[in-house]
Amino acid sequence: MSTDNITESLNEGAKLNFIFQDIEKDLIEGKNEGKVLTRFPPEPNGYLHIGHAKSLCLNFGIAKHFNAACNLRFDDTNPTKEEVEYVDSIEQDVKWLGFDWNGEPRYASDYFQQLYDWAVKLINDGKAYVDDQSAEEIAKQKGTPNEPGINSTYRKRSIEENLDLFERMKKGEFKEGEKILRAKIDMASSNMHMRDPIMYRIIHKQHHRSGDSWCIYPMYDYAHGQSDFIEGITHSICTLEFEVHRPLYNWFLDQILEGESQPKVRTRQIEFARLNLNYTVMSKRKLLELVQKNIVLGWDDPRMPTISGLRRRGYTPESIRMFADKVGVAKRDNVIDVSLLEFCIREDLNKKSVRVNAVLDPVKLIITNYPEGKTEMMETVNNPEDETAGNRLIPFEREVYIERDDFMENPPKKFFRLGPDLEVRLKSAYIVKCTDFKVDDDGLVIEIYCTYDPGTKSGMAQSDRKVKGTLHWVAANHCVEAEVRLYDRLFMDAEPDGYKEVDFKDFLNPDSLKITTCKIEPWTIQSKPLTTFQFQRIGYFCVDKDSTSEKPVFNKTVGLKDNWTKKTN
RNA sequence: UGUCCCGUUGUGUAAUGGUAGCACAGAAGAUUUUGGUUCUUUAAGUCAGGGUUCGAAUCCUUGCGGGACAACCA
């Protein structure tokens, strides 16, 4: 470990949450031979979203802090929901966020044989049995949180019969739903998960990895703890809803280890509160619905809270990691304000992105005392926050476009922009004074006339004359048109709970995507996809070259903080 | 009318028996070739009652409030 790495991990130690402290305690007590190994265990049934990023940063952050590793494991125990496409996207997103998992990706499906052998052991120990009842009958017997359940009649089945039936389940002799394997625990337990939970069910469907090798598949509760155990995971971090599963997690491990020598590493489950973001739906089921019903353009639609959506929208890995860091980790339910996410991306992009002139709603400004046909190259700084970004030259000429709302016929007192007889600086160019303007029949301003002061060219000795405002502009004959996609929030309601049972279409924002055009400096369109620019005073926009559009496309990442509109509203 | 978990400014998150701090959001001001950025200042909090203690956000207790759990999902 280099000195830098040590310093870095010490710095991270400054913001230890309760999970770090728990792990530290384990280390002090000498558990797991002083080892730490975490894992990130997504089910490949959808794309990763911002909520997963929190878990990712936590698990990989813990690994980094303790100079340990983190496994990537696909929890693929249900072939009806899982696809290779999701596996691929998850690997890509984890990499993009900047995390390196330990060795090759793991799959719960790789452990099917071991899991089966352990199930046989449980049957032999009289701790598991085959139940012939239907899902409905079993649900009825299970009771409710307030009433105890009752024992299944099949609970007394002999070990020999159970062994035989379970093997025949595996061989495919039964139809789906005909038989299941259950653990024999306690139907009267106050914890519903301990009321003879299902270990295996029959699913006659091809698995994306194991193919047709299996037609019985382990349930989450039977697979997860053992997968952790097989990999030697020391700390199995998951979200709060699994808290009531913990006794079962430990019960299965106790049973498979009974009669064996005590393991050196005994995995432990620790829960934390999942991330909630206002105006944002995080349920994979709902996101899948948005994709399947073509309400959005795909999993990577820039309005989606998926990692790939955020990426396409111009979010950087750094900004997402910063966000995960700032939201913290605790056990209480939380709803994070999206303004924090937006702060994080502005914070990062402000340092990185080149400022360019782009005009979304152009109106022509004619400099009447500037020679026709003349073009002057003006030097402008690429990024005032980053000296190494350098300068570039932009063409200036007699006719330029400025933003329509940068001109007001009757400007209020604190309007720092252009109006009749008012003076402003054209960024990186001259100070101009408005002499006249032309309106069309509807009263819409179509042309603004100005004179320029030749002594005020940007960078010249006398150029430091003070004017109220500075405007962005593009040369009318030296600009190109680009498509601009303005993304607003996909959802209007601030309460994530509202989406639970209600048809979430009621909360969809019909104005979440507006497509318009802009006038922009030509060189920007040569930029690679995912390059993000700051359009002066408008916001951050990410290059998204789209084959369906003839023009280059810019996705709006996030707006700038705008005190002017706030004050006037 | 069960079991488990959780209650700290508007929103998050620290303080682990010893000065209630930080960030976002808000407000005010300064700087600014973009009203952005940067900098300064500022308001606002321990769910309630009781107990232990020299001292409680922290420990105990009783309430109150919120959440999770009744998929052959994970």
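Proteins come first, then strands; the chains are lettered A, B, ... in the order of their sequence lines, and each starts at number 1.
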Inset, instruction - Would you mind classifying the nucleic acid contact of Val329(A) as base, sugar-phosphate or nothing, using non-hydrogen atoms under 4.0 angstrom? - result: sugar-phosphate
Inset, instruction - Consider the side chain of Asn563(A), meaning its heavy atoms from C-beta on, and name the nucleotide among rG12(B), rG35(B), rU13(B) that approaches it most closely. - result: rG35(B)
Inset, instruction - Starting at CG of Asp221(A), measure out to CD1 of Ile198(A) and round the result to the nearest 0.5 Å. - result: 10.5 Å
Report, one pair per line, the protein and nucleotides 69-73 of chain B atoms (nitrogen or oxygen only) whose separation is under 3.5 Å.
residue, atom, partner, partner atom, Å
rC69(B), O2', His193(A), NE2, 3.3
rC72(B), N4, Gln133(A), O, 3.1
rC72(B), N4, Ala135(A), N, 3.2
rC72(B), N4, Gly177(A), O, 3.1
rC73(B), OP2, Arg201(A), NE, 3.2
rC73(B), OP2, Arg201(A), NH2, 3.0
rC73(B), O3', Arg201(A), NH2, 3.1
rC73(B), O2', Asn78(A), ND2, 3.2
rC73(B), O2', Lys81(A), NZ, 3.4

Inset, instruction - Could you list the residues that satisfy side chain to side chain donor-acceptor pair (under 3.5 Å) with Glu387(A), not counting sequence neighbours? - result: none
Inset, instruction - Scan residues 185-204 of chain A for pairs that pass salt bridge (Lys or Arg N to Asp or Glu O under 4.0 Å), counting only residues two or more places apart or in two chains. - result: Arg155(A)-Asp196(A)
Inset, instruction - Report the distance from atom CD of Gln226(A) to atom P of rA74(B), rounded to the nearest whole Å. - result: 13 Å
Inset, instruction - Could you pull out all residues at least two apart from Glu241(A) that satisfy salt bridge (charged side-chain N to carboxylate O under 4.0 Å, His left out)? - result: Arg274(A)
Legend entry - Which residues share a side chain to side chain donor-acceptor pair (under 3.5 Å) with Arg392(A), sequence neighbours left out: Asn382(A), Glu521(A)
Legend entry - Phosphate contact (rA25(B) OP1 or OP2) by Lys561(A) side-chain N/O below 4.0 Å: yes
Legend entry - Contacts of type side chain to side chain contact (heavy atoms under 4.5 Å, CB included), residue Cys57(A), not counting sequence neighbours: Phe99(A), Arg321(A), Ala324(A)
Inset, instruction - Please name all residues satisfying salt bridge (charged side-chain N to carboxylate O under 4.0 Å, His left out) with Glu289(A), sequence neighbours left out, ordered by chain then number. - result: Lys293(A)
Inset, instruction - Classify the nucleic acid contact of Asp386(A) as base, sugar-phosphate or nothing, counting any heavy atom under 4.0 Å across all strands shown. - result: nothing
Inset, instruction - Just call it for Pro41(A): base, sugar-phosphate, or nothing, with non-hydrogen atoms closer than 4.0 Å on any strand. - result: nothing
Inset, instruction - Check salt bridge (charged side-chain N to carboxylate O under 4.0 Å, His left out) between Glu318(A) and all other residues, then give those that pass, not counting sequence neighbours. - result: Lys352(A)
Legend entry - N or O in side chain of Gln21(A) less than 4.0 angstrom from rA15(B) OP1/OP2: yes
Inset, instruction - With heavy atoms under 4.0 Å as the rule, sort Phe535(A) into base, sugar-phosphate or nothing. - result: nothing
Legend entry - side chain to side chain donor-acceptor pair (under 3.5 Å) partners for Thr267(A), two or more places apart: Tyr249(A)
Inset, instruction - Identify whether any heavy atom of Phe416(A) sits under 4.0 Å from a base atom; if not, whether one sits that close to sugar-phosphate; answer base, sugar-phosphate or nothing. - result: base
Inset, instruction - Could you check whether Lys284(A) gets within reach of a base, just the sugar-phosphate, or nothing at all, counting any heavy atom under 4.0 Å? - result: nothing
Inset, instruction - Pull out every stem in RNA chain B, meaning runs of 3 or more consecutive Watson-Crick or G-U wobble pairs with both distances under 3.5 Å. - result: B:2-7 with B:64-69, B:10-13 with B:21-24, B:26-30 with B:38-42, B:47-51 with B:59-63
Inset, instruction - Validate the cation-pi geometry between Lys170(A) and Tyr116(A): distance from NZ or CZ to the six-membered ring centre under 6.0 Å, angle to the ring axis within 45°. - result: yes
Inset, instruction - Between Phe18(A) and Gly469(A), name the one whose nearest nucleotide on RNA chain B is closer to the 5' end. - result: Phe18(A)
Inset, instruction - Return the set of residues passing salt bridge (charged side-chain N to carboxylate O under 4.0 Å, His left out) with Glu167(A) (not counting sequence neighbours), or none when no residue passes. - result: Lys171(A)
Inset, instruction - Quick one: label Arg417(A) by what it contacts on the DNA or RNA (base, sugar-phosphate, nothing), any heavy atom closer than 4.0 Å. - result: base
Legend entry - Stacked cation flag Arg182(A) on Tyr129(A), 6.0 angstrom / 45 deg: no
Inset, instruction - Answer with base, sugar-phosphate or nothing: what part of the nucleic acid does Ser428(A) contact at a heavy-atom distance below 4.0 Å? - result: base
Inset, instruction - Take Arg246(A) and Lys427(A), find for each the nucleotide of RNA chain B with the closest heavy atom, and name the residue whose nucleotide sits nearer the 5' end. - result: Arg246(A)
Polar atom pairs between nucleotides 6-8 of chain B and protein, under 3.5 Å, N or O only, would you list them?
residue, atom, partner, partner atom, Å
rU8(B), OP2, Arg332(A), NE, 3.3
rU8(B), OP2, Arg332(A), NH1, 3.2
rU8(B), O4, Arg332(A), NH2, 3.3

